[in-house]
Amino acid sequence: MAVFGYSSVTSVVPGSSISFYLSTDSPGVTSLTIERIGTTSVSTTISATLSTRSLPTTNPWEGFGWPVSTTFNIPSTWPSGLYRLAYSGQDVLTFVIRPATPAAISKVLLQISFLTPTAYNSAGGKSLYDFNSGGVGTRASKVSFDRSGGTPLSDGPESILIHWLETEGIQIEYCSSVDLHSISNLLTNYECLIIAGHDEYWTRAMRDQTEQFIANGGNMIVLSGNTCYRAVRLEQGNRMVVFYKYAGNDPNQNAYDTTVAWAEPPLNRPQNSFLGVGFTEGAYDGTATAYTIRFPDHWVFNGISPATTTSAFMIYETDAAAYIDEVEGYPRVTGDENTPLTTTVLASADLRLWTGKTGRATMSIFSRNGTVFNAGTTDWISVLGSDSVVTTITRNVFAGLKQRITWDWENIGYAYDCQALTALNGKLFIATAENILAQRYPVSADIVWRDISEANYVTAMAALGDTLYCITSDNQLWWYPASEVGHFWTSMGTGPTGGTKALAATGGMLYAVDSLGALWRAPATRTTPSWLAMTAFTQDATVNAMAAYGDILFASTTDNRLLRTNSDYISESTAWVYIHHCNYSAGLAVVESILFVATTQNLLWKIDLYGLRQP
């Protein structure tokens with residue numbers, strides 16, 4: 001005897017009801033079990049009189065249309081979790097119970113994907129794939145939740161993670177992917193979102209809410225691969241998954257809702273911008289391969305010694321960021337497909353000999369107010385608990401990211417003998433006391449500075465366009481073509497009268513602070529500057545370094561303060577505002593939304609400006 005079917009919704013809250021639409025090959029009164037997946041035992045037995053149901057004659061993959069077999073009222077005491085309806089120990093379907101009060105138990109939320117299982121489900125004769133729909137060109141463009149077999153498995157990746165988290169004592173709450181689509185404020189009360197299993201299909205609403213969650217300071221832990229690869233729409237009360245795959249086939253003329261891979265036109269939204277990786281650089285279907293750890297001193301790898309690789313566990317699908325192995329031996333992302341330049345490639349694998357889609361895998365981490373860790377492989381959870389490296393990394397990641405990260409400086413390496421610091425074209429440039437001009441990439445790990453030229457007696461630097469600017473100890477202003485290694489500085493005049501202590505550039509202008517703390521500006525060209533005193537701006541003689549983020553100036557001081565202009569527009573600003581400490585600063589620079597400081601103690605620190613709401 002077998003029982004098949006589907007439920008009325010993908011998730012419910014305690015105190016509400018869920019209906020089941022079931023069919024059996026042995027009609028009659030049938031005993032079914034509802035139980036929670038995990039170490040927390042919650043279960044009950046229900047009875048239903050079942051019949052053998054037939055499928056519609058037309059497009060059954062668009063919904064079976066069966067009548068309700070039974071309705072179950074969720075007890076108000078049942079905890080949030082992934083539950084299954086089972087017959088004789090076998091899954092009939094799974095569903096989620098959301099918390100009655102969001103974040104009452106935990107501020108960590110696990111999204112259970114129902115879109116991807118539904119996309120692959122061929123019940124009724126078709127799925128969103130040719131391979132199980134009848135051959136090339138036979139795939140459906142619409143598939144319904146109202147079919148049997150389209151829910152997550154009770155022993156799948158989510159289940160493995162749930163058991164592991166509960167064993168580790170890490171409390172979480174649950175939602176379905178349809179919840180993330182339909183409940184616009186779902187993530188408001190949470191501090192960490194977990195993606196597990198295979199979560200390939202996302203709607204625009206899901207992605208928009210998640211990106212805003214990260215921008216608002218929420219963290220994301222992605223323990224999978226091929227994540228958010230394809231864009232779908234939900235129709236018919238969110239019960240129909242729509243995916244035309246090719247833009248020319250989609251009858252919807254709204255470009256932002258076209259159902260293609262996210263990276264493709266007309267969407268042009270590679271998932272790298274909020275996940276740090278994407279499937280364009282990824283791979284699938286190959287021989288078992290290990291991750292090689294690239295930055296073993298990163299906090300993600302605490303307690304892992306002396307391992308330099310994981311076990312060879314990756315075989316199915318991976319995501320990756322385009323990266324280059326620098327001659328000094330470390331990887332740095334190229335920024336292709338909107339990958340944040342400050343992304344750190346924690347581990348990598350070359351999969352270009354795989355037999356399916358060839359590419360690579362990258363385990364990564366980056367911050368854009370919130371922090372995103374991405375395992376980059378669908379096989380991660382399959383070895384959670386058996387691979388000691390994977391297990392320790394996962395434990396470290398949850399310890400670090402299950403709650404919002406306090407806004408503060410993070411030490412990422414060394415910057416020796418800094419006299420001035422700036423950034424240009426996604427690189428940091430340092431002028432040292434040994435009169436060396438060196439550069440490094442904004443990787444959030446300790447990497448080598450590369451000598452590129454001389455920096456004779458530089459005391460302040462700025463950069464804009466394709467030009468570095470510097471002030472030397474005699475108040476001379478110089479420019480340097482940053483694209484040319486080994487070039488020489490060219491004199492172009494002087495700084496403001498009376499000496500220059502700090503320099504920054506933005507919006508086509510150079511900004512300078514003189515020896516009395518007054519702010520000046522001049523057009524950023526390679527010709528003699530015409531400095532104009534910004535007399536309405538209050539002087540601060542403690543300022544010793546500057547940098548610009550958009551149309552905001554940031555400054556450090558000799559008494560260890562971090563300042564910013566008191567308006568989001570420099571021209572409307574009248575004074576500096578204290579926002580944080582900035583100890584022992586010798587130079588400041590900004591890459592994307594990250595402010596870097598090189599200190600007199602030879603350290604390099606960073607802090608994220610993306611979510612800054614001061615003053």
Side-chain angles (χ1 to χ4, degrees), residues 102-103 105-112 157-158 161-162 164-175 180 186-197 199 209-225 227-228 271-277 291 293 295 297-304 319 321 339-340 342-347 362-377 380-381 384 389-412 443-445 593-594 606-608 610-611:
I105 301 299
S106 173
K107 292 185 180 295
V108 181
L109 184 68
L110 171 62
Q111 178 198 242
I112 305 293
E158 293 92 346
L161 179 62
I162 291 165
W164 185 85
L165 289 170
E166 293 185 352
T167 301
E168 291 283 312
I170 300 172
Q171 290 188 311
I172 62 171
E173 294 181 355
Y174 298 74
C175 74
L180 187 57
L186 177 70
L187 300 180
T188 302
N189 297 304
Y190 293 96
E191 299 188 354
C192 180
L193 175 66
I194 310 168
I195 303 298
D199 202 352
Q209 181 172 185
T210 304
E211 288 184 336
Q212 192 59 57
F213 171 70
I214 297 167
N216 287 338
N219 300 324
M220 193 170 178
I221 299 173
V222 183
L223 302 178
S224 189
T227 306
C228 191
Q271 59 268 54
N272 307 53
S273 62
F274 84 111
L275 295 178
V277 295
Y291 258 137
I293 294 173
F295 293 105
D297 292 332
H298 195 281
W299 64 264
V300 164
F301 302 117
N302 286 350
I304 299 174
D319 285 334
T339 303
T342 52
T343 300
T344 302
V345 177
L346 298 166
T362 56
M363 183 199 311
S364 67
I365 192 168
F366 76 95
S367 296
R368 188 167 281 169
N369 200 9
T371 296
V372 178
F373 169 86
N374 201 314
T377 168
W380 185 270
I381 293 177
L384 181 61
V389 175
V390 167
T391 303
T392 301
I393 292 170
T394 308
R395 188 175 291 122
N396 290 340
V397 168
F398 272 94
L401 301 184
K402 66 183 179 181
Q403 63 283 307
R404 288 176 184 261
I405 298 173
T406 302
W407 190 68
D408 206 351
W409 295 99
E410 177 185 352
N411 182 3
I412 62 168
V443 177
S444 297
S593 65
I594 305 299
K606 72 165 189 175
I607 198 167
D608 192 347
Y610 193 82

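All heavy atoms count here, side chains included; hydrogens, waters and symmetry mates do not.
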_Return the CD1 to CG distance between Ile214 and Asn369, rounded to the nearest 0.5 Å._
10.0 Å

*If every non-hydrogen atom of Arg404 is compared with every non-hydrogen atom of Glu191, which pair is closest and at what distance?*
N-OE1, 3.0 Å

*Is the closest side-chain heavy-atom distance between Leu384 and Leu223 below 4.5 Å?*
no

*Are the side chains of Phe301 and Asn396 in touch, meaning some heavy atoms are under 4.5 Å apart?*
no

*Are any of the side-chain heavy atoms of Ser106 and Lys402 separated by less than 4.5 Å?*
no

*The single option from Leu109, Ile112, Leu161 passing side chain to side chain contact (heavy atoms under 4.5 Å, CB included) against Ile194*: Leu161

_Between Asn272 and Thr343, does the side-chain contact (heavy atoms from CB on, under 4.5 Å) criterion hold? Intermediate values first, please._
CA-CA 10 Å; Asn272 307 53; Thr343 300; over 6 Å; no

*With side-chain contact (heavy atoms from CB on, under 4.5 Å) as the test, would you mind laying out the steps for Tyr291 and Val389 before giving the verdict?*
CA-CA 10 Å; Tyr291 258 137; Val389 175; over 6 Å; no

*Evaluate side-chain contact (heavy atoms from CB on, under 4.5 Å) for Leu193 paired with Gln111, printing each intermediate quantity in order.*
CA-CA 7 Å; Leu193 175 66; Gln111 178 198 242; 4.3 Å; yes

*asked:* Please check this pair: side chain of Gln209 against backbone of Leu187, looking for a donor-acceptor N/O pair closer than 3.5 Å.
replied: yes

*To the nearest 0.5 Å, what is the distance between OG1 (Thr342) and CD1 (Ile594)?*
5.0 Å

*Of all heavy-atom pairs between Gly276 and Ala321, which one has the smallest distance, and what is that distance?*
O-CB, 3.4 Å

*How about Leu275 and Asp319: do any of their side-chain heavy atoms sit closer than 4.5 Å?*
no

*Start with the C-alpha distance between Trp380 and Ile393, add both sets of side-chain angles, then the distance that settles side-chain contact (heavy atoms from CB on, under 4.5 Å), and finish with yes or no.*
CA-CA 11 Å; Trp380 185 270; Ile393 292 170; 3.9 Å; yes

*Supply the atom-to-atom distance Leu180 CG to Cys175 SG, rounded to the nearest 0.5 angstrom.*
6.0 Å

*Measure from the side-chain N and O atoms of Ser444 to the backbone N and O of Thr344, and report whether any donor-acceptor pair falls under 3.5 Å.*
no

*Counting only N and O atoms by type, is there a donor-acceptor contact under 3.5 Å from the side chain of Ser593 to the main-chain atoms of Arg368?*
no

*Pairwise distance CD(Gln212) to CZ(Phe274) - rounded to 0.5 angstrom*: 13.0 Å

*Report the distance from atom CD of Gln271 to atom CG of Asn374, rounding to the nearest 0.5 Å.*
9.5 Å

*Going from OH on Tyr610 to CH2 on Trp407, what distance comes out if it is rounded to the nearest 0.5 angstrom?*
16.0 Å

*Exercise: identify the closest heavy-atom pair between Lys107 and Asn189*: NZ-O, 3.6 Å

*asked:* For the residue pair Thr391 / Trp164, report whether a side-chain donor-acceptor contact shorter than 3.5 Å exists.
replied: no

*asked:* Do Pro102 and Tyr190 have side chains that approach each other closer than 4.5 Å (heavy atoms only, starting at C-beta)?
replied: yes

_Any donor-acceptor pair under 3.5 Å from Glu168 side chain to Arg395 backbone_ = no

*Which residues satisfy the side-chain contact (heavy atoms from CB on, under 4.5 Å) test with Thr371, sequence neighbours excluded?*
Asn219, Ile365, Ser367, Leu401, Ile405

_For Trp299, all residues meeting ring pair (Phe, Tyr, Trp, His ring centres under 6.0 Å), sequence neighbours excluded_ = none

